[in-house]
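Keep in mind that the numbers below use all heavy atoms, side chains included, and drop hydrogens, waters and symmetry copies. All of these numbers come straight from a predicted model, not from anything done at the bench.
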Amino acid sequence: MKNNERSPSEAHRITVAADGTLCVPDNPVIPFIEGDGIGPDIWAAARRVLDASVGSSYEGRRRVEWMKVLAGEKAHRETGEPLPHKTLQAIKDHVVAIKGPLTTPVGEGIRSVNVALRQRLDLYACVRPIRYIKGVPSPMRRPERVDMVVFRENTEDVYAGIEWEAESAEAEAVIAFMRDRMGVEVAFGSAIGIKPMSRPATRRLVARAIQYALDHGLASVTLVHKGNIMKYTEGAFMKWGYEVAREMFAGHVLVESDGGLGPDGKAPPGKLVIKDRIADMMFQQVLLRPEEYHVIATPNLNGDYISDALAAQVGGLGMAPGANIGDDCAVFEATHGTAPKYAGKDKASPVSLILSGVMLLEHLGWTEASAAIEKAVRKSISDGLVTHDLARRMRGARELKCSEFAEAVIERLNR
């Protein structure tokens with residue numbers, strides 16, 4: 001065992017107080033999943049940056065005791081399971097974890113390990129901050145106008161995985177039930193999927209989004225849905241979202257449709273605007289008027305689409321961090337894929353995972369270390385010291401290996 005990989009018994013666990021706040025010791029045990037493909041490369045880089053920042057920010061008084069756990073392809077090879085129970089229990093026991101990208105087969109094979117992790121740990125809020133870093137190539141003329149946080153419901157919608165293959169006995173039985181009992185005609189031989197949405201799941205997601213906006217002094221929360229077509233699922237998401245805003249945050253929020261906004265469309269001081277937009281129209285809005293949107297709360301599939309689209313506006317998924325948060329634990333993750341053609345080549349960008357580590361440190365309340373990393377990443381990029389994905393698109397940039405980029409960030413910590 002390496003010197004910096006001590007037995008968890010020598011450290012301490014994070015716990016959750018009765019009011020939901022975290023009790024964080026100075027040397028918490030935090031599980032990590034390296035990930036598949038480029039996962040080991042970018043995790044090694046991210047870990048170095050996180051450890052360096054924690055060490056320098058707190059002069060050695062604090063450190064993270066990292067604990068390796070398995071998921072994805074490596075777990076499947078070693079245990080026969082892509083998501084072992086032991087891994088789930090470790091995350092539950094230690095409250096906070098971080099992971100690299102995991103392989104999701106398309107059209108066959110195991111279901112998404114990422115989705116299973118969220119569902120089985122009830123990590124109901126996928127939180128994706130989308131902000132521009134100066135110097136990153138972007139297809140937009142004004143990418144700096146994009147500054148949003150997406151709260152995506154993580155446990156329901158079509159991602160619940162309730163579906164049956166075309167021409168299967170199960171699909172035919174559902175089709176027959178709909179025809180005979182519900183009066184709905186669906187062609188036999190069709191594949192069938194179910195899209196569940198519930199009031200409790202919607203309310204807790206929207207409540208977390210509103211509380212985040214209030215805590216951070218942001219101007220608005222927008223409910224993004226397709227309720228004009230899916231009236232009883234996505235339409236209910238909108239209805240339940242307004243319901244929780246009025247019931248839980250009365251006195252703090254102002255619903256756009258109720259009136260009361262100023263001529264500039266803004267709420268009076270101290271008030272948070274709650275509004276809604278149809279999903280397809282919202283894609284236009286975030287291109288043309290992104291500065292009018294601050295926090296987005298949305299069902300699962302919409303959130304997947306719009307968070308990736310927003311990431312493209314600020315340079316791509318390689319620049320986008322993410323977290324999956326529940327009431328009892330949280331998992332922070334790189335938001336991009338496994339990029340197997342770059343695996344083991346020390347070439348991929350670790351920025352997404354590093355910035356996800358920034359979110360983790362913020363979650364712990366270690367804001368000095370998180371702020372130092374974010375500033376150092378920005379400085380490295382502005383200095384033109386970047387990995388292949390950015391160097392090929394930046395004039396005058398110096399292309400670094402993944403590990404070299406980590407070193408460049410470390411050199412700029414606490415400057």
Side-chain angles (χ1 to χ4, degrees), residues 19-22 24 96 123-134 143-154 203-224 241-242 244-246 248-256 261-262 264-277 282 285-286 289-298 303 306-307 310-311 313-314 319-327 330 332-333 335 352 354-375 377-378:
D19 63 357
T21 58
L22 298 186
V24 183
V96 172
L123 304 175
Y124 60 85
C126 179
V127 183
R128 297 271 299 272
I130 315 289
R131 301 184 183 97
Y132 180 65
I133 295 178
K134 186 177 181 180
E144 70 280 0
R145 295 164 64 194
V146 177
D147 188 353
M148 303 179 209
V149 183
V150 177
F151 280 73
R152 165 190 170 193
E153 204 290 317
N154 240 351
R203 285 177 61 96
R204 65 183 182 175
L205 182 279
V206 175
R208 184 174 282 273
I210 292 174
Q211 190 61 60
Y212 179 93
L214 291 171
D215 290 344
H216 291 80
L218 301 176
S220 70
V221 173
T222 305
L223 309 172
V224 177
Y242 279 130
V244 75
R246 290 186 170 104
M248 293 182 62
F249 299 94
H252 299 284
V253 303
L254 183 63
V255 174
E256 181 183 56
L261 299 181
D264 57 358
K266 297 181 180 178
K271 295 283 188 178
L272 172 69
V273 178
I274 309 295
K275 51 192 175 182
D276 75 275
R277 298 290 184 269
M282 188 63 180
Q285 291 286 292
V286 298
R289 302 160 71 175
E291 67 279 0
E292 295 182 10
Y293 300 94
H294 309 91
V295 174
I296 292 172
T298 183
I306 202 163
S307 56
L310 284 168
Q313 292 181 229
V314 299
M319 310 306 300
N324 300 288
I325 301 175
D327 293 332
F332 299 81
E333 65 177 356
T335 60
S352 176
I354 290 172
L355 294 180
S356 297
V358 167
M359 294 180 71
L360 183 154
L361 294 175
E362 291 173 346
H363 191 70
L364 300 184
W366 292 8
T367 54
E368 298 85 359
S370 64
I373 294 173
E374 187 165 8
K375 181 179 178 182
V377 168
R378 290 178 177 274

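What you find for S307 and I130 is that their closest heavy atoms are O-CD1, 3.9 Å. Across R378 and K134, no two heavy atoms sit closer than the pair NH1-N, 4.2 Å. Scanning both residues, P268 and L254, for their nearest heavy atoms gives CD-CD2, 3.8 Å. The nearest pair of heavy atoms linking T335 to S352 is N-OG, 3.2 Å. Residues I133 and L355 share a closest heavy-atom pair of CD1-CD1, 4.3 Å. Closest of all the heavy-atom pairs between F249 and Q211 is CE2-OE1, 3.4 Å.
Checked for salt-bridge contact, D215 and R208 miss the test: no charged N lies under 4.0 Å from a carboxylate O.
Note that R246 lies in the cation-pi zone of Y242, set by a 6.0 Å cut-off to the ring centre and a 45° limit from the axis.
The shortest distance between side-chain heavy atoms of F332 and V358 does not fall below 4.5 Å. Side-chain contact between V206 and I274: absent, with no pair of heavy atoms (C-beta onward) separated by less than 4.5 Å. Side-chain contact between L272 and H252: absent, with no pair of heavy atoms (C-beta onward) separated by less than 4.5 Å. Contact check for T222 versus M148: no side-chain heavy atoms found under the 4.5 Å cut-off. Between V221 and Y212 there is no side-chain heavy-atom pair separated by less than 4.5 Å.
Atoms CG and CG, on L218 and D147 in that order, are 8.0 Å from each other to the nearest 0.5 Å. One finds the CD1 atom of I325 at 6.0 Å from the CE atom of M359 (value rounded to the nearest 0.5 Å). Remark: M248 CE to R204 CZ distance equals 12.5 Å, nearest 0.5 Å. To the nearest 0.5 Å, atom CD of residue E362 and atom CG of residue L364 are 10.0 Å apart. Separation of atoms CZ (R152) and CG (N324) is listed at 8.0 Å; rounding is to 0.5 Å. In this structure, K271 NZ and L214 CG are separated by 10.5 Å, a value rounded to the nearest 0.5 Å.
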Could you go step by step and tell me if V24 and V96 meet the side-chain contact (heavy atoms from CB on, under 4.5 Å) rule?
CA-CA 10 Å; V24 183; V96 172; over 6 Å; no
Working note: K275 + Y293, criterion side-chain contact (heavy atoms from CB on, under 4.5 Å); need CA distance, chi angles, decisive distance, verdict.
CA-CA 10 Å; K275 51 192 175 182; Y293 300 94; 3.9 Å; yes
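Applying the salt bridge (Lys or Arg N to Asp or Glu O under 4.0 Å) criterion to E153, with sequence neighbours excluded, gives no partner residue. Partners of P269 under the side chain to side chain contact (heavy atoms under 4.5 Å, CB included) rule, at least two apart in sequence or in another chain, do not exist in this structure.
Put simply, the side chain of K375 never gets that close to the backbone of S370: no donor and acceptor are under 3.5 Å apart. In terms of modelled atom types and a separation under 3.5 Å, the side chain of Q313 and the main chain of V286 share a donor-acceptor contact. Remark: the backbone N or O of G322 is paired with a side-chain donor or acceptor of S356 at under 3.5 angstrom.
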